[in-house]
Amino acid sequence: MAAGEAYYIPVGHQQTGEGLEPEIQLPLMQVIASLKPVLEDQKIKKYMHNAKYDMQVLARYGVNVRGLAFDTMVGAYVAEPGRRGFGLKDQAFQRLGVVMTPISDLIGRGSKMLSMAQVAVRTAANYAGADADMTLRLVEPIMADLRRHSLLDLYRNIELPLIPVLMQMEMHGVALDADFLRTFEARLAEQVQALEQAIYSAVGHEFNINSTRQLGDILFGELKLPAGKKTKTGYSVSADVIESLQGKHPVVDSLLEYRQLNKLKSTYVDGLLELMDQTTGRVYTSFNQTVASSGRLSSSNPNLQNIPVRTEVGRQIRRAFIADPSYILLTADYSQFELRILAHITHEPRLIEAFNNNEDIHTITASTLFSVPVEQVTKEQRRLAKTVVYAILYGQSAFGLSQVTGMSNREAADFINRYHETFPNIKQYVERTLAQAHQQGYVNTLFGRKRFIPDMRALSHSERQALDREAINMPIQGGNADLIKIAMLRIAHALREQRLKTRMILQVHDELVFEVPVEELERVRPLMKSLMEEVYPLDVPIKVELKQGRNWYEAEPME
DNA sequence: GCAGTCACG
DNA sequence: ACGTACGTGACTGCG
């Protein structure tokens with residue numbers, strides 16, 4: 001096909017539209033049978049836009065697309081991950097100056113939305129033809145961008161082959177324990193209701209607890225409690241502000257508990273039940289490959305990358321994520337991955353030494369932070385230390401640190417100083433990275449993934465600082481993303497080649513979750529561990545922790 | 001559709 | 001004096 005040329009095969013329209021015989025439409029099965037050999041032929045190259053989606057649709061009709069040579073959505077993302085608008089219409093406008101017809105012109109929007117089957121053949125043909133045509137015409141300019149910025153290897157060797165891997169994960173889905181969720185739902189509903197009543201009686205009247213404005217008026221107006229930080233629209237009623245009011249009014253504790261349990265109920269329990277497929281009992285997330293400017297994946301509908309783990313009651317949600325009968329969930333978690341990448345990039349001797357001696361960095365930091373012996377560090381303290389270390393690394397101020405930890409501004413400043421004295425190369429890395437960002441206009445990861453940093457000359461001080469922090473974060477967060485993506489490719493390859501029934505089902509930034517037939521466990525455990533740990537040799541060892549269980553709660557590693 | 005809040009790495 | 005780690009997505013209220 002050439003630019004400006006496209007073909008449309010009408011199938012499944014409810015009406016063909018004016019002037020067209022019904023015979024213009026072809027039987028679905030006949031069309032599939034004719035196209036299948038072409039679509040499945042490795043030698044016939046395909047250019048697609050958002051291939052993961054179309055390949056999934058075709059897969060449901062038994063067509064396994066081979067020969068994917070270019071995905072214009074993923075290509076545009078790799079070329080400039082910091083920007084938004086990788087949709088076909090956005091790209092056609094940005095790169096070709098073509099204003100495409102939005103789909104809403106054909107099918108409308110909202111509740112009265114039509115399906116494509118209700119659109120006349122000529123209208124659909126023009127629309128679909130434009131999609132195919134623009135996809136073809138976008139390949140060259142995007143390819144040229146990738147080449148110019150030395151991004152072709154990253155694109156060809158990582159992002160493009162990742163598409164079918166993500167597709168398989170999405171299609172396989174995750175099994176849920178619906179009975180558990182419904183029981184949990186009932187218990188939460190009861191507790192939330194009781195807390196509502198407790199809040200109303202503590203305040204003296206009913207109101208909408210979920211309305212930040214009403215809540216703010218009551219706490220800081222009616223009850224005259226001391227207001228904390230402000231937002232654009234009024235006084236903040238976020239958890240840290242309410243926590244600071246503990247002991248000052250009986251409503252505070254109920255309010256905090258209400259917030260936690262209501263969040264759990266609406267987002268997780270109700271949300272998951274809503275999105276569970278009633279026939280398969282599974283949820284099917286989308287792994288978005290073109291959203292995060294650091295190169296990470298994101299997950300939506302439902303988001304399975306933010307399932308609670310930090311509090312015990314929240315963590316219970318993980319009991320709902322189960323393996324099929326005769327299967328086991330296996331999680332493989334990169335331990336302190338970002339810090340190991342940092343150690344590698346910075347060649348920081350103290351960090352490298354600690355990792356080589358197999359010491360637990362966060363526990364050591366926690367023992368310093370809370371002045372307790374290493375053996376007495378609690379889970380909670382370790383978790384806080386972990387937050388603090390990353391916060392400092394990415395430029396948090398003494399003030400910010402004091403807010404999170406509850407220590408004084410002075411103590412926080414001392415802690416940050418001690419941190420930088422202990423790990424002097426980290427400061428050097430920050431300076432080097434900023435210099436590169438300012439001089440070259442971009443920063444990059446070990447595998448050449450780039451994030452462009454705009455010219456800051458016209459920006460305010462705080463805007464510049466924000467960009468600086470993004471620049472410092474990107475090589476670490478993006479490097480992490482590079483490495484786990486490579487591991488995923490090798491794992492997918494190994495599972496296929498060794499004809500294993502094990503399926504990779506989730507990726508949570510530094511963790512992979514597998515559904516493993518019981519009889520494959522002994523084989524798969526060491527296989528996953530070595531593939532992940534040997535993904536790319538760093539200056540420090542890479543450590544992966546495995547855990548298994550009937551559900552995600554039992555299989556949840558330490559961090 | 002935005003703002004605020006809160007869940008995760 | 002100022003504003004105060006990075007990266008995400010979902011839910012709710014409100015105009």
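Labels below follow one simple rule: chain letters A, B, ... track the order of the sequence lines, proteins then strands, and each chain is numbered from 1.
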Please tell me whether Gln336(A) and Asp510(A) have a donor and an acceptor in their side chains that are separated by less than 3.5 angstrom.
no

Using a heavy-atom cut-off of under 4.0 Å over every strand shown, decide if Asn303(A) touches base, sugar-phosphate, or nothing.
sugar-phosphate

Considering only residues two or more places apart or on different chains, which pairs with a residue in residues 209-219 of chain A satisfy side-chain hydrogen bond (donor to acceptor under 3.5 Å, both in side chains)?
Asn210(A)-Tyr258(A), Asn210(A)-Asn262(A)

Looking at residues 280-293 of chain A, who's got a heavy atom less than 4.0 Å off DNA chain C?
Asn288(A), Val291(A), Ala292(A), Ser293(A)

Residues forming a salt bridge (Lys or Arg N to Asp or Glu O under 4.0 Å) with Arg282(A), sequence neighbours excluded
Asp324(A), Glu515(A)

For Gln477(A), report the nucleic acid contact type (base, sugar-phosphate, nothing); a contact means any heavy atom under 4.0 Å.
base

Polar atom pairs between nucleotides 2-4 of chain C and protein, under 3.5 Å, N or O only, would you list them?
| unit_1 | atom_1 | unit_2 | atom_2 | d |
| --- | --- | --- | --- | --- |
| dT4(C) | O2 | Ser397(A) | OG | 2.5 |

Base-pairing string, 5' to 3', of DNA chain C - Watson-Crick or wobble, under 3.5 Å, | interstrand:
.....|||||||||.

Restricting to ring pair (Phe, Tyr, Trp, His ring centres under 6.0 Å), what partner residues turn up for Phe180(A), sequence neighbours left out?
Phe184(A)

Note: contacts of residues 429-454 of chain A with DNA chain B (heavy atom, under 4.0 Å) are none

Residues forming a side chain to side chain donor-acceptor pair (under 3.5 Å) with Glu411(A), sequence neighbours excluded:
Ser408(A)

Using atom names, set out every protein N or O paired with an N or O of nucleotides 11-15 of chain C below 3.5 Å, distance rounded to 0.1 Å.
| unit_1 | atom_1 | unit_2 | atom_2 | d |
| --- | --- | --- | --- | --- |
| dG13(C) | OP1 | Asn208(A) | OD1 | 3.3 |
| dG13(C) | OP1 | Asn208(A) | ND2 | 2.9 |
| dG13(C) | O3' | Ser211(A) | OG | 3.4 |
| dC14(C) | OP1 | Ser211(A) | OG | 2.6 |
| dG15(C) | OP1 | Arg213(A) | NH1 | 2.7 |

According to ring pair (Phe, Tyr, Trp, His ring centres under 6.0 Å), who are the partners of Phe220(A), at least two apart in sequence or on a separate chain?
Tyr235(A)

Quick one: which residue pairs count as a side-chain hydrogen bond (donor to acceptor under 3.5 Å, both in side chains) with a foot in residues 473-492 of chain A, not counting sequence neighbours?
Glu159(A)-Lys485(A), Ser294(A)-Gln477(A), Thr445(A)-Asp482(A), Arg449(A)-Asp482(A), Asn473(A)-Gln477(A)

Backbone of Tyr442(A) reached by a side-chain donor or acceptor of Gln440(A) within 3.5 Å
no

Which of residues 217-255 of chain A sit near DNA chain B, with a heavy atom under 4.0 Å from it?
Thr231(A), Lys232(A), Thr233(A), Ser236(A), Val237(A), Ser238(A), Ala239(A)

